[in-house]
Amino acid sequence: MIQVDEITVPEHVQGYPDVAFGGFVAGVLATRCSAPTARVDFRAKVPVGTPLALTRTAVNGTSLTDAEGKVLAEIGAATLSLDIPPAPSWADTEALTAGVLASGERPVTNCYGCGAACAPGRGLRLFPWVLPGRDLVAAAWVPDPALGAADGIVTTENVWAALDCPGGHAGFLLSGMRRGAVTAALTATLLRPIRAGEPHIAHAWPIEQDGRKYTVGIALSTAAGELCAISEALWIEPRDR
């Protein structure tokens with residue numbers, strides 16, 4: 001393996017405490033991958049606030065390793081075929097998100113993806129919840145300008161990050177996945193730019209379950225329903241109850 005760069009995940013970019021947010025890490029790797037569709041596999045917990053190495057490998061493309069050379073995550077070219085249910089309307093999604101925030105049903109956390117305790121721009125502030133009458137979760141999302149680059153386009157790291165928590169909520173709320181589950185793999189295709197400050201819809205749905213493994217689909221769309229990004233994620237429950 002040949003080291004090509006070094007990164008440190010900022011301390012506020014966490015999912016579970018002190019563990020780097022998986023979707024963001026996947027997005028960092030995706031910026032080093034030229035394939036139109038890529039898969040990131042997580043091999044171990046990625047820490048925040050710690051220098052990590054990006055290394056190029058002959059077989060798997062790019063890996064993220066710690067100071068001892070342990071592989072934490074790796075990315076490679078992939079294919080993706082999803083049966084994507086239609087996104088809900090912006091009006092329905094906006095009403096769903098406003099209602100769940102007002103109800104207090106969602107726990108308040110510091111999760112970079114779905115934490116209400118994160119200040120705008122310090123987290124994505126995506127709040128997925130079950131859409132009544134449909135087997136999916138959805139969230140209204142207007143990305144903060146701080147999540148974008150100078151041109152106003154949401155960065156690759158943050159687009160991949162936005163494809164993470166909605167899938168987890170599909171598992172937790174629709175499939176009975178236990179808390180403590182983690183993203184084991186994330187496969188994504190980015191279809192069109194996502195502009196900060198404009199309304200978008202995230203929706204996610206269960207695909208299958210095999211023991212502790214849950215496969216879910218995720219999509220990001222414009223308010224008009226045009227697909228911006230699609231993903232399939234594998235989540236795994238902890239072994240111990």
Side-chain angles (χ1 to χ4, degrees), residues 1-78 109-115 117-119 121-126 143-144 146-150 153-168 180-190 194 218 229 231-239:
M1 295 189 294
I2 302 173
Q3 181 170 338
V4 294
D5 205 352
E6 182 179 277
I7 67 160
T8 298
V9 179
E11 293 187 0
H12 71 281
V13 183
Q14 59 180 313
Y16 293 115
D18 301 321
V19 179
F21 189 73
F24 186 91
V25 172
V28 170
L29 288 167
T31 64
R32 275 77 175 179
C33 181
S34 60
T37 299
R39 171 175 169 135
V40 175
D41 288 279
F42 295 93
R43 306 302 185 192
K45 291 180 181 178
V46 178
V48 295
T50 303
L52 302 169
L54 287 164
T55 58
R56 185 168 295 127
T57 63
V59 177
N60 293 317
T62 301
S63 296
L64 184 66
T65 60
D66 65 12
E68 286 71 44
K70 179 181 179 180
V71 175
L72 306 177
E74 54 191 352
I75 190 169
T109 73
N110 290 306
C111 174
Y112 185 76
C114 64
C118 295
R122 295 278 291 179
L124 303 185
R125 295 180 60 83
L126 265 168
D144 189 88
L147 301 175
I153 301 301
V154 175
T155 64
T156 298
E157 294 91 335
N158 282 313
V159 175
W160 276 73
L163 294 166
D164 197 350
C165 277
V182 297
T183 311
L186 191 62
T187 304
T189 305
L190 308 191
I194 292 178
I218 310 98
S231 178
E232 181 179 286
L234 172 65
W235 285 68
I236 299 182
E237 290 179 328
R239 292 184 183 277

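Side chains included, hydrogens not; waters and symmetry mates left out as well; all remaining heavy atoms used.
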**Q.** Non-hydrogen side-chain atoms of Leu52 and Thr65 separated by less than 4.5 Å
**A.** no
Q. Would a 4.5 Å heavy-atom cut-off, applied to side chains only, mark Leu54 and Ser63 as touching?
A. no
Q) At their closest point, which heavy atom of Arg125 faces which heavy atom of Gly115, and how far apart are they? A) CG-O, 4.2 Å
Q | Considering all heavy atoms, the nearest Ala73-Phe42 contact | A | CB-CD2, 3.9 Å
**Q.** Pairwise side chain to side chain donor-acceptor pair (under 3.5 Å) hits with a residue in residues 23-40, at least two apart
**A.** Asp5-Arg32, Thr37-Thr189, Arg39-Asp41
Q) Given the rule in the side chain to side chain contact (heavy atoms under 4.5 Å, CB included) test, do Val19 and Val46 qualify, once you have shown the distances and angles that lead to the verdict? A) CA-CA 6 Å; Val19 179; Val46 178; 5.6 Å; no
Q | Distance-minimising heavy-atom pair for Thr156 and Ala30 | A | CG2-CB, 4.1 Å
(Q) Let's go through Asp164 and Trp235 carefully: what are the C-alpha distance in whole Å and the side-chain angles of both, what is the deciding distance for side chain to side chain contact (heavy atoms under 4.5 Å, CB included) to 0.1 Å, and is it a yes or a no? (A) CA-CA 10 Å; Asp164 197 350; Trp235 285 68; 3.3 Å; yes
Q. Is Cys165 close to Cys111 at the side-chain level, that is, under 4.5 Å between some pair of heavy atoms?
A. yes
Q. Can you check whether Asn158 reaches Leu124 side chain to side chain, under 4.5 Å on heavy atoms?
A. yes
Q | Side chain to side chain, Pro47 and Leu72, heavy atoms closer than 4.5 Å | A | yes
Q: Measure the shortest side-chain to side-chain distance between Pro143 and Val154 over non-hydrogen atoms and say whether it is less than 4.5 angstrom.
A: yes
Q) Any side-chain heavy atom of Leu190 within less than 4.5 Å of one from Trp160? A) yes
Q. For the residue pair Thr8 and Pro51, what are the closest heavy atoms and their distance?
A. OG1-CA, 3.4 Å
Q. Can you tell me how far CG of Leu186 sits from CD1 of Ile218, rounded to the nearest 0.5 angstrom?
A. 6.5 Å
Q) Rounded to the nearest 0.5 Å, how far apart are CZ of Phe21 and CG of Asn110? A) 13.0 Å
Q. Hey, are the side chains of Leu234 and Thr187 touching, using non-hydrogen atoms and a 4.5 Å cut-off?
A. no
Q.
Quick check: closest heavy atoms across Glu74 and Arg43, and the distance to 0.1 Å?
A. OE2-NH2, 2.6 Å
(Q) Using every non-hydrogen atom in the two residues, find where Cys33 and Ala38 come nearest and quote the distance to one decimal. (A) SG-CB, 3.9 Å
(Q) Closer than 3.5 angstrom, by distance alone: can the side chain of Asp144 be matched with the main-chain N or O of Leu147 as a donor-acceptor pair? (A) no
Q: Just grab all the side chain to side chain donor-acceptor pair (under 3.5 Å) pairs involving residues 13-23, residues at least two apart or on different chains.
A: none
